[in-house]
Amino acid sequence: MRVLVTGGAGFIGSHIVTALRRRGHDPVVLDALLPSAHPGPPGPPDPGFVRADVRDAESVRAALRGVDAVCHQAAMVGLGKDFADAPEYVGVNDLGTAVLLAAMAGTGVRGMVLAGSMVVYGEGRYECPRHGVVRPGPRRVDDLSVGRFEPHCPFCGSELTPGLVAEDAPADPRNVYATTKLTQEHLTASWARCVDGRAVSLRYHNVYGPGMPRDTPYAGVASFFRSALARGEAPRVFEDGGQRRDFVHVRDVAQANIVALEALPTLPPGTCTPYNTGSGDPHTVGEMATALSVAHGGPPPVVTGEFRLGDVRHITADSHRLRTDLGWHPEVSFTTGMTEFAISPQRPSLSTAL
């Protein structure tokens, strides 16, 4: 299968390209090499590499020639710095996806695997002892600033028990990045209905592993902690470190993309199916920081009590559907993955690349 991988020079995309080649597929990489993700000089050109922005319709159409399916990874990721980033997030993530899908519609490519995200759910699943499953409201600065980090029942104020989110949970994006990821899914679903296409959205959890970018505000929390350790500093853990997440290794995520791409011909036309993509083994952010510090041999984490308003408290999802429908099973355990990541190289920062 010839597969166009947008963002294929990036952290997750490059692992997908490697997995495609090992599986005998023919990847074509389209990547703009934006400085926020690729601050260093590009390496030797690959014969299957196209340096172009996914918003460049002419370049995208040219890259789609002879392609059987698209694996769409190109995106701005992470929470960013502040709301001033909103136009760039919308431009890269949503306009870029629209340009890509329009080109696919015009060139006859009818298969898409999208890099979705669990951030579309907002807060995770919570249960109140009196009111059952409830959705807590937005987090308030007044609560967070005095260390009240746990959501409470919007009806009675009781403490809530966090649980696993299924794909049929209502979407509730709570920051700009999350909003753009949900919009990508809606655009892809519209394309599939219009052209009888087949699409899968893999809603990634907290992906980590070798090759994560270093020292950038657009990376995930695992990268922040690993970058601190590389500088000889203690990881700084926000809130009280009790935030629950599902940390899934990048090689497992790459394999999920392979499984989804190979399953596309068997899926119903005109559909975009979401699949939670997590390890199934949730841990707190504090546990993850400690695991990295121990494996790296660096200073222990420091719990700061700081917070970011756009963050959610707990988000862990049930990935049972991906296992049942497509037969995907993660193979890298939390302990093995964090031990490897703690000593693996990262992509350099802009300051170290110059």
Side-chain angles (χ1 to χ4, degrees), residues 11-13 15-16 19 71-73 75 77-79 113-127 133 161-175 177-178 181-182 184-185 200-210 212 219-223 225 242-261 263 272-289 291-292 311-341:
F11 166 48
I12 298 175
H15 282 272
I16 292 171
C71 188
H72 184 30
Q73 307 295 311
V77 299
L79 192 58
V113 174
L114 172 67
S117 176
M118 54 81 189
V119 296
V120 301
Y121 299 117
E123 285 286 349
R125 184 183 187 276
Y126 293 92
E127 192 163 348
V133 176
T161 301
L164 299 179
V165 182
E167 288 90 348
D168 58 359
D172 185 18
R174 299 200 173 188
N175 56 58
Y177 170 63
K181 296 307 290 184
L182 182 59
Q184 284 186 313
E185 286 195 2
V200 163
S201 177
L202 296 175
R203 290 176 175 172
Y204 299 161
H205 277 255
N206 291 69
V207 185
Y208 74 96
M212 285 194 87
V221 65
S223 179
F225 295 165
Q243 311 95 304
R244 287 174 60 81
R245 298 290 189 270
D246 186 325
F247 300 99
V248 59
H249 197 276
V250 66
R251 288 196 297 271
D252 285 332
V253 168
Q255 188 57 35
N257 278 271
I258 304 303
V259 167
L261 283 163
C272 177
T273 307
Y275 288 102
N276 292 330
T277 308
S279 71
D281 182 25
H283 289 267
T284 68
V285 171
E287 289 170 344
M288 187 268 287
L292 282 178
D311 280 334
V312 298
R313 179 61 177 175
H314 304 296
I315 176 64
T316 56
D318 183 354
S319 301
H320 179 76
R321 178 190 286 181
L322 183 56
R323 291 156 170 75
T324 301
D325 288 5
L326 303 187
W328 172 79
H329 296 281
E331 296 181 354
V332 182
S333 71
F334 177 81
T335 300
T336 299
M338 288 298 168
T339 300
E340 175 199 30
F341 179 48

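All heavy atoms count here, side chains included; hydrogens, waters and symmetry mates do not. Quick caveat, the model's predicted, so the values are computed rather than measured.
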Donor-acceptor check, side chain of Glu167 to backbone of Asn276, threshold 3.5 angstrom: yes or no? yes
To the closest 0.5 Å, what do you measure between SG (Cys71) and CG (Leu202)? 8.0 Å
Gln255 side-chain N/O to Trp328 backbone N/O, donor-acceptor pair under 3.5 Å: no
Mind checking what makes side-chain contact (heavy atoms from CB on, under 4.5 Å) contact with Glu127, not counting sequence neighbours? Arg125
Asp246 and Thr316: side chain donor to acceptor below 3.5 Å: no
Might you point out which heavy atoms bring Arg251 and Pro210 nearest each other, and give the distance in Å? NH1-CG, 4.4 Å
Check for a donor-acceptor pair, side chain of Thr324 on one end and backbone N or O of His320 on the other, with a separation under 3.5 Å. yes
Determine whether a donor-acceptor pair (N or O, by modelled atom type, separation under 3.5 Å) exists between the side chain of Ser333 and the backbone of Thr336. yes
From CA spacing to verdict: side-chain contact (heavy atoms from CB on, under 4.5 Å), Ile16, Gln73: CA-CA 9 Å; Ile16 292 171; Gln73 307 295 311; 3.4 Å; yes
When rounded to the nearest 0.5 angstrom, what distance separates CG in Leu322 from OG1 in Thr273? 11.0 Å
Atom CG of Leu114 and atom CD of Gln184: how far apart are they, to the nearest 0.5 Å? 5.0 Å
Where do Glu185 and Arg203 land on the salt bridge (Lys or Arg N to Asp or Glu O under 4.0 Å) test, with the steps shown first? CA-CA 10 Å; Glu185 286 195 2; Arg203 290 176 175 172; 2.7 Å; yes
I'd like to know if the side chain of Lys181 reaches the main chain of Val77, judged simply by a donor and an acceptor atom lying under 3.5 Å from each other, with no hydrogens or angles considered. no
Mind checking the CG-NE2 spacing from Asn206 to His283? Nearest 0.5 Å is all I need. 12.0 Å
Trace of the side-chain contact (heavy atoms from CB on, under 4.5 Å) decision for Tyr204 with Asn257: CA-CA 11 Å; Tyr204 299 161; Asn257 278 271; 3.0 Å; yes
Could you go through Ser117 and Tyr177, starting from their C-alpha distance and side-chain angles, then the distance that decides it, and tell me whether this counts as side-chain contact (heavy atoms from CB on, under 4.5 Å)? CA-CA 10 Å; Ser117 176; Tyr177 170 63; 4.2 Å; yes
Nearest heavy atoms of Tyr275 and Val200, plus distance in Å: CD1-CG1, 3.7 Å
Kindly assign one of parallel, tilted or perpendicular to the pair Tyr208 and Phe247, based on the angle between their ring planes and the thresholds 30° and 60°. perpendicular
Compare every heavy atom of His329 with every heavy atom of Gly327, then report the nearest pair and how far apart it is. O-CD2, 3.4 Å
Verdict with reasoning, Tyr126 to Arg313, per side-chain contact (heavy atoms from CB on, under 4.5 Å): CA-CA 11 Å; Tyr126 293 92; Arg313 179 61 177 175; 3.8 Å; yes
Does Asp252 offer a backbone N or O that forms a donor-acceptor pair with the side chain of His15 under 3.5 Å? no
Calculate, to the nearest 0.5 Å, the distance between atoms CD1 and CZ belonging to Ile315 and Arg245 respectively. 8.0 Å
With sequence neighbours left out, what residues match His314 under ring pair (Phe, Tyr, Trp, His ring centres under 6.0 Å)? none
Considering all heavy atoms, the nearest Pro282-Arg244 contact: CB-NH2, 3.5 Å
Please give me the minimum heavy-atom distance between Ser201 and Gly116, naming the atom from each residue. OG-CA, 3.5 Å
Minimum heavy-atom separation for Thr277 and Ala256, please, with both atom names. CG2-CB, 4.0 Å
